[in-house]
Amino acid sequence: MPELPEVEAWRATMERWLVGRSIAAVHLVDSAVIRPKLSTRPSDGWDQAQSWASSLVGSSVKGTARVGKRMGLQLGEGWVLVHLGMTGRFVRDPEPPRFARIGLDVGDHVVWFADQRRFGCLVPLQGRDALCVGLGPDALDAALDGEGLAAALPGRRAVKTALLDQARIAGLGNIHAAEALWRAGIAPATPCATLDALGWRSLAAAIREQLAEAVEAIPPGEDFVYVTEGGDNPFAVYGREGEPCPRCAEAITRVVQGGRSTFWCPGCQRPGGVAVQG
DNA sequence: TACATTGTTCCGTC
DNA sequence: CGACGGAACAATGT
């Protein structure tokens, strides 16, 4: 379940694997991975997919970008948006891996986009600017200080739900939204409109710290395996229903908001937040 | 089998 | 009509 940190890691990986190389061949394993728009579905189909893929041959990869959870690749004069969905990842191997959707042969190796659940996709774009359409500011945007965050998240909605709204702030998913709220000591059901300046400042700082730590926790230059599968759970509250809060020892609770699980600590997360500790 | 996961969209309600 | 909540949808492993 890639959020901003994982997408950023993949972007950096694509910088190393692809940028500066010329595309010798494209292997379109599943043409439904190419979509005319982000909102179209695999079953909708798109008759231009194959011709777009073919048109890439001979062009070179010139750069990468990331906005929120979207990655961009500059291929020739155009750009392509890559959305990882739930299970999208990249594999560098001569042979297509399981669930391979498309492969870019850049001469010295082949880079495959593999996606078991097929929620991920590639969307050809006119230019780099199109990467940002429909998105609020990136979650690591310097403008998102306390005041900027308050302006981005107006209304009576629960702050957890609002943090997941990519049109308001781009890059947070279910895990890092919950972790940031725990860091800030803010209860997830708190209506945005009831947060004061101190609450917004702590939340803005918590988001920045949460994402920065997650980015740094991913070893540069390596593939990574999502940590909740098998290994130790590195999160304070996510996936820890019933376990003691690492800050106050109260039992972590799970509630459903907007159809999604929210993990939080009723002991030290309060409406409006608590004073930042330490 | 039912359920869990995500981002997006659609629809009903206030 | 805007805001918001809830449900549906995509795919598939458990």
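What you are looking at is a predicted structure, and each value in this text was computed from that prediction instead of being measured. Only heavy atoms go into these numbers, but all of them, side chains included; no hydrogens, no water, no symmetry mates. Every chain is numbered from 1 and lettered A, B, ... according to where its sequence line falls, protein lines coming before strand lines.
Ring geometry, A:Y238 versus A:F263: the interplanar angle exceeds 60°, so the pair is classed perpendicular (tilted spans 30 to 60°).
In this structure, A:S261 does not reach the B:dA4 phosphate: none of its side-chain N or O atoms is under 4.0 Å from OP1 or OP2.
A:R128 is listed as a side-chain neighbour of A:V67, based on a closest heavy-atom distance under 4.5 Å.
Nucleotide B:dT6 holds its C1' atom 11 Å from the CG atom of A:D115, rounded to whole Å. One can place CZ of A:R70 at 18 Å from P of B:dT6, the figure rounded to the nearest angstrom. We find that CG of A:L172 is positioned 13 Å from P of B:dT8, with the value rounded to whole Å. Computed from coordinates, the A:E3 CD to B:dT6 C1' distance equals 10 Å when rounded to whole Å. Atom NE2 in A:H83 sits about 11 Å away from atom P in B:dT9, given to the nearest Å. Atom CZ of A:F263 and atom C1' of B:dA4 are 11 Å apart (whole Å).
Atom CD of A:E147 has 12 or fewer neighbouring heavy atoms from other residues, nucleotides or ligands inside a 6.0 Å radius.
Projected onto DNA chain B by closest heavy-atom contact, A:R254 and A:L135 fall at different nucleotides, the more 5' of which corresponds to A:R254.
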>> Using the rule given for side-chain contact (heavy atoms from CB on, under 4.5 Å), can you reason through A:L211 versus A:E8, listing the C-alpha separation, both sets of side-chain angles and the distance that settles it, and then say yes or no?
In response: CA-CA 10 Å; A:L211 293 177; A:E8 176 57 25; over 6 Å; no
> Going 5' to 3' along nucleotides 4-14 of chain C, which nucleotides have protein heavy atoms under 4.0 Å from the base (write B), which only from the sugar-phosphate (write S), and which from neither (write -)?
Replying inline: SS---BBBBS-
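For the salt bridge (Lys or Arg N to Asp or Glu O under 4.0 Å) test, no residue two or more places apart in sequence or in another chain qualifies with A:R201. Under the salt bridge (Lys or Arg N to Asp or Glu O under 4.0 Å) criterion, A:R21 pairs with A:D108, sequence neighbours left out.
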